[in-house]
Each structure stands twice: as structure tokens, then as C-alpha cells.
Q: 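I am attaching a structure below and will ask some questions about it afterwards.
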Amino acid sequence: KQEVTQIPAALSVPEGENLVLNCSFTDSAIYNLQWFRQDPGKGLTSLLLIQSSQREQTSGRLNASLDKSSGRSTLYIAASQPGDSATYLCAVVGAAGGTSYGKLTFGQGTILTVHP
Amino acid sequence: NAGVMQNPRHLVRRRGQEARLRCSPMKGHSHVYWYRQLPEEGLKFMVYLQKENIIDESGMPKERFSAEFPKEGPSILRIQQVVRGDSAAYFCASSPPPDRLNQPQHFGDGTRLSIL
């Protein structure tokens, strides 16, 4: 059974810092890994999707890497801003058994606070 | 181009009543996923549907819960005889066919269900 773990559970940093969020998964048989952002009372916004054959993806100040063999991913946020404050979720689409149907297995999330 | 629409945003029910949650996918999407976010827990997959078909309901409780996605109209998640433990945020996500495994899922803002 796939399990996804995110560390740290919470992170508080001053504005301008570069930071790294970590995600690990127990079964390396995945189709892709996705990073989402969730604001309070809102749904999830997709930030980056990394295919299993890829090593990293970049979007603006965000960079996500994937090491499938070791079951790890990191989300790097450069020059953090107060508007980056949110919960960041990592999720994988498993490939074990060949019938994942695209369903996501989520980590518990990292609550990020960027203070001015 | 409207995103995934869920209604109601908030729903209050008394124990024993029925709850109906609705989800209209993004235009052009014919695949719908339902996830549940219990307090202090991560998002968990419940069910995956295509139009008129339940494809994977492995995450849905066997009793009191049902889901449908008719040919016309929104997908509906139905909870009969609700109990306090059903209080949670229920999220719907949609994805386009047929290459769903390489596309991010688009999430609605969720329905917050509270059981009195």
C-alpha cells in the first residue's frame, strides 16, 4: 500500500528566504508526482506535475525534483513571499498493478507561513 | 472557462438525515474523482467515475455512501443516515480523457459537511 509522508509538518520563515519541502513515498511504482497548494477554505491548486520519467519541473519561483528510485521529491521555493503562505500537498499516482485510474495518494501536507 | 464547481459550499445536517453533494466537472472533462478530508487527516480517495460508470470505488465506505455520474447533469455523492464521523470536507476533481495519467487533476473548492 502506497504511503506518502511530508516533512516538515509546519514551517515558518521570514520573507525572502529560500526553502525546501520534502516528500517521500513508499512504493516507487508511480506514474507521476504532483505538488498542490491549498489555501484555507479552498480547494487544491496544481503547482507542478512530474512524470515518472522526469527528474524535475520548474514554474516561476518553484522547482520540484523527483528521485523515483529512492522515493523522494522536494519542492524548492525561491525568495518566499507572504502570499506563499498555504498548505502544500504532495501526491502520487500509483502504477502498481496497472490499474491506478489516476487516483491520487496524498501526504499530510506542510503548513507554510511566510511572515513579513 | 469555469473550473470544477461544487455545491453546496457548506452543508449542515442532523444525524440520520441524507446529504447530497454535487460536482460539475470542467468543460470537456468526463472523469470525476471524489476525495474526503477528515479533520486532522490528509485527503483520501473515495471513488472514480466516468459518465454513467463507477470505475473504482475502493475508497468509499461500503455502507451509506453512494456516487453517480449520470449522462446529463453533475456527479452526486450521496451519504445516507449521516453520523458525526461524516463531518469533513469533500472535494471533487476532474480530468480530461484519455491521457488522464499525464494531466493534473483540477479540484473544486469542496463541500464542508457538518453533522449536528
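Every chain is numbered from 1, with letters handed out A, B, ... down the list of sequences.
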Q: With no hydrogens and no angle check, do the side chains of B:Gln37 and A:Gln38 hold a donor and an acceptor under 3.5 Å apart?
A: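 A:Gln38 and B:Gln37 do have a side-chain donor-acceptor pair below 3.5 Å.
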Q: When hydrophobic residues are tied together by side-chain contacts of less than 4.5 Å, even through go-betweens, does A:Val13 share a cluster with A:Tyr88?
A: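 Yes, same cluster.
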Q: In Å and rounded to the nearest 0.5 Å, what is the CZ to NZ distance from B:Phe91 to A:Lys42?
A: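 If I round to the nearest 0.5 Å, the distance is 11.0 Å.
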Q: Mark yes when over 12 heavy atoms from residues, nucleotides or ligands other than B:Gln81 sit less than 6.0 Å from its CD; otherwise mark no.
A: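 Counting neighbours around CD of B:Gln81, 12 or fewer heavy atoms of other residues, nucleotides or ligands fall under 6.0 Å, so no.
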Q: Between A:Ser52, A:Gly107, A:Gly41, which shows the greatest number of heavy-atom pairs under 4.5 Å with chain B?
A: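 Greatest number of close heavy-atom pairs with chain B: A:Gly41.
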Q: Looking at A:Arg72, I'd like to know if its CZ atom is crowded, meaning that more than 12 non-hydrogen atoms belonging to other residues, nucleotides or ligands lie closer than 6.0 Å.
A: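 12 or below, so no.
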Q: Scan side-chain atoms only and decide if B:Ser58 and A:Lys103 contain a donor-acceptor pair under the 3.5 Å cut-off.
A: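 Yes.
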Q: Keeping A:Gln108 on the side-chain end and B:Leu43 on the backbone end, is there a donor-acceptor pair under 3.5 Å?
A: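 Looks like no, no N/O pair under 3.5 Å.
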Q: Tell me, yes or no, whether the heavy-atom count around A:Ile7 atom CD1, taken from other residues, nucleotides or ligands under 6.0 Å, exceeds 12.
A: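 12 or below, so no.
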Q: What's the separation between atom OG in A:Ser46 and atom NE2 in B:His106, rounded to the nearest 0.5 Å?
A: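 Result: 7.0 Å between the selected atoms.
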Q: Can you confirm whether A:Arg55 is buried at CZ, in the sense that more than 12 heavy atoms of other residues, nucleotides or ligands lie under 6.0 Å from that atom?
A: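 Incorrect, the count does not exceed 12.
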Q: Rounded to the nearest 0.5 Å, how far does OG1 of A:Thr105 lie from OH of B:Tyr35?
A: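 Taking OH in B:Tyr35 and OG1 in A:Thr105, the distance rounds to 8.0 Å.
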Q: What part of A:Leu48 lies closer than 4.5 angstrom to a heavy atom of chain B: side chain, backbone, both or neither?
A: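 Interface part for A:Leu48: neither.
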Q: Under 4.5 Å between side-chain heavy atoms, counting indirect links through other Ile/Leu/Val/Met/Phe/Trp/Tyr residues: same cluster for A:Leu75 and A:Leu112 or not?
A: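 Both belong to a single hydrophobic cluster.
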Q: Are B:Phe65 and B:Tyr33 connected, step by step, through hydrophobic side chains (Ile, Leu, Val, Met, Phe, Trp, Tyr) whose heavy atoms are closer than 4.5 Å?
A: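 No: no chain of side-chain contacts under 4.5 Å links B:Phe65 to B:Tyr33.
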Q: Is it true that B:Ile55 and B:Met60 fall in one hydrophobic cluster, defined by side-chain heavy atoms closer than 4.5 Å?
A: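 No, separate clusters.
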Q: What about B:Met5 and B:Phe107, same hydrophobic cluster or not, with Ile/Leu/Val/Met/Phe/Trp/Tyr joined at side-chain heavy-atom distances under 4.5 Å?
A: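 Hydrophobic grouping puts B:Met5 apart from B:Phe107.
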Q: Using the ring centroid of each side chain, check whether B:Phe45 and A:Phe106 are separated by less than 6.0 Å.
A: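 No, they do not, as the ring centres are separated by 6.0 Å or more.
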Q: For A:Glu56, enumerate each residue passing the salt bridge (Lys or Arg N to Asp or Glu O under 4.0 Å) test, keeping only those at least two apart in sequence or located in another chain.
A: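 With sequence neighbours excluded, A:Glu56 shows a salt bridge (Lys or Arg N to Asp or Glu O under 4.0 Å) to no residue whatsoever.
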Q: Write out, in numerical order, the residues from residues 70-79 of chain B with a heavy atom short of 4.5 Å from a heavy atom in chain A.
A: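 Expected list: none.
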